[in-house]
Amino acid sequence: MEIRTNPFSTCNWQAGAIEYIFESEINADKILERLLLSGGVGQIVGGHGTGKSALLESLTRHLNKIGINVQKIMLNDSQKKISRDFLLSLQKRETDTIHFLDGYEQL
């Protein structure tokens with residue numbers, strides 16, 4: 001069966017369509033606490049289809065619930081450059097906004 005015809009392949013799902021399942025001792029609050037301790041800079045790494053984008057979507061929903069805005073950009077085969085608007089939003093450094101860049105390997 002080819003990837004494109006396999007209904008369970010990650011290329012057939014939108015990130016966040018399936019809720020991210022955290023390990024028993026880890027949750028969104030703990031990840032965000034570590035992110036803040038690192039000055040707001042971090043990275044999520046892993047192989048294709050391991051849940052990186054699903055984790056970002058889960059964190060986005062969590063941040064929105066607690067009143068933090070999320071600016072995201074998703075790079076892929078059809079978009080390999082960071083948009084000017086995203087770069088400008090990075091320069092503003094608003095305290096109630098966090099930035100997610102998904103697909104860094106495309107740069």
Side-chain angles (χ1 to χ4, degrees):
M1 181 176 284
E2 292 198 22
I3 289 175
R4 297 277 176 207
T5 59
N6 179 352
F8 302 106
S9 173
T10 56
C11 70
N12 293 317
W13 292 85
Q14 181 178 359
I18 299 173
E19 189 65 34
Y20 186 82
I21 300 172
F22 292 95
E23 292 182 26
S24 59
E25 68 277 355
I26 304 216
N27 59 39
D29 287 326
K30 287 184 179 183
I31 290 173
L32 294 171
E33 180 182 333
R34 289 177 67 185
L35 181 64
L36 293 174
L37 288 172
S38 72
V41 177
Q43 60 184 335
I44 300 170
V45 296
H48 179 72
T50 57
K52 300 177 299 294
S53 296
L55 175 56
L56 284 179
E57 287 301 317
S58 182
L59 293 174
T60 296
R61 285 192 291 273
H62 183 78
L63 287 164
N64 288 331
K65 283 180 187 174
I66 61 174
I68 297 176
N69 298 316
V70 177
Q71 293 288 320
K72 324 184 255 197
I73 188 166
M74 178 178 270
L75 302 178
N76 51 43
D77 289 337
S78 61
Q79 181 175 348
K80 294 188 179 224
K81 294 183 179 179
I82 299 174
S83 70
R84 180 176 169 81
D85 290 341
F86 188 79
L87 290 173
L88 290 173
S89 71
L90 284 172
Q91 292 175 345
K92 290 181 184 175
R93 296 191 176 249
E94 297 168 347
T95 56
D96 66 339
T97 302
I98 193 165
H99 294 83
F100 287 154
L101 168 63
D102 191 359
Y104 180 77
E105 70 278 1
Q106 298 294 328
L107 293 176

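All values below come from the heavy atoms of this structure, side chains included, with hydrogens, waters and symmetry mates left out. Along the sequence shown, residues carry numbers from 1. Source: prediction; values computed, not measured.
- Other residues sharing the hydrophobic cluster of Leu88, ordered by chain and number and joined by side-chain separations under 4.5 Å: none, the residue standing alone.
- Atom CG of Asn69 and atom CG of Asn64 lie 7.0 Å apart (nearest 0.5 Å).
- The list of ring-ring contact (aromatic ring centres under 6.0 Å, His included) pairs with a residue in residues 72-98, not counting sequence neighbours, reads Phe86-His99.
- The CG atom of Leu56 sits 9.0 Å away from the CG atom of Leu101 when rounded to the nearest 0.5 Å.
- Applying the side-chain hydrogen bond (donor to acceptor under 3.5 Å, both in side chains) rule to Ser78 yields the partners Asn76; only residues at least two apart in sequence or on another chain are considered.
- By the rule that hydrophobic residues join a cluster once side-chain heavy atoms approach within less than 4.5 Å of another member, Phe22 and Ile44 end up as members of one cluster.
- Partners of Asn27 under the side-chain hydrogen bond (donor to acceptor under 3.5 Å, both in side chains) rule, at least two apart in sequence or in another chain, do not exist in this structure.
- Nearest approach of Lys52 to Gly47, heavy atoms of both residues: NZ-O, 2.8 Å.
- Connection of Ile26 to Leu63 is established within a shared hydrophobic cluster, with ILVMFWY side chains joined at heavy-atom distances below 4.5 Å, either directly or through further cluster members.
- In this view, Glu94 and Thr97 satisfy the side-chain hydrogen bond (donor to acceptor under 3.5 Å, both in side chains) rule, not counting sequence neighbours.
- Within 6.0 Å of the NZ atom in Lys80, the count of heavy atoms belonging to other residues, nucleotides or ligands exceeds 12.
- Considering only heavy atoms from C-beta on, Leu59 stays 4.5 Å or farther from Leu35 through its side chain.
- Shown here are the side-chain contact (heavy atoms from CB on, under 4.5 Å) partners of Ile21, two or more places apart in sequence or in another chain: there are none.
- Annotation: side chain to side chain donor-acceptor pair (under 3.5 Å) contacts involving residues 31-43, sequence neighbours excluded, are absent.
- With sequence neighbours excluded, no residue forms a ring pair (Phe, Tyr, Trp, His ring centres under 6.0 Å) with Phe100.
- When side chains are defined from C-beta on, Leu87 counts as touching Leu90, because their heavy atoms get closer than 4.5 Å.
- Checked by atom type and distance alone, the side chain of Ser58 never pairs as donor or acceptor with a backbone atom of Ala54 at under 3.5 Å.
- Evaluation of the salt bridge (Lys or Arg N to Asp or Glu O under 4.0 Å) rule for Lys72 yields Glu57 as partners, not counting sequence neighbours.
- Under the 4.5 Å side-chain heavy-atom criterion for Ile, Leu, Val, Met, Phe, Trp and Tyr, Ile66 and Ile98 are members of the same hydrophobic cluster.
- Partners of His62 by ring pair (Phe, Tyr, Trp, His ring centres under 6.0 Å), not counting sequence neighbours: none found.
- Asp85 meets the side-chain hydrogen bond (donor to acceptor under 3.5 Å, both in side chains) test with no other residue; sequence neighbours excluded.
- In the hydrophobic cluster analysis, where Ile, Leu, Val, Met, Phe, Trp and Tyr join through side-chain heavy atoms closer than 4.5 angstrom, Val70 is grouped apart from Ile73.
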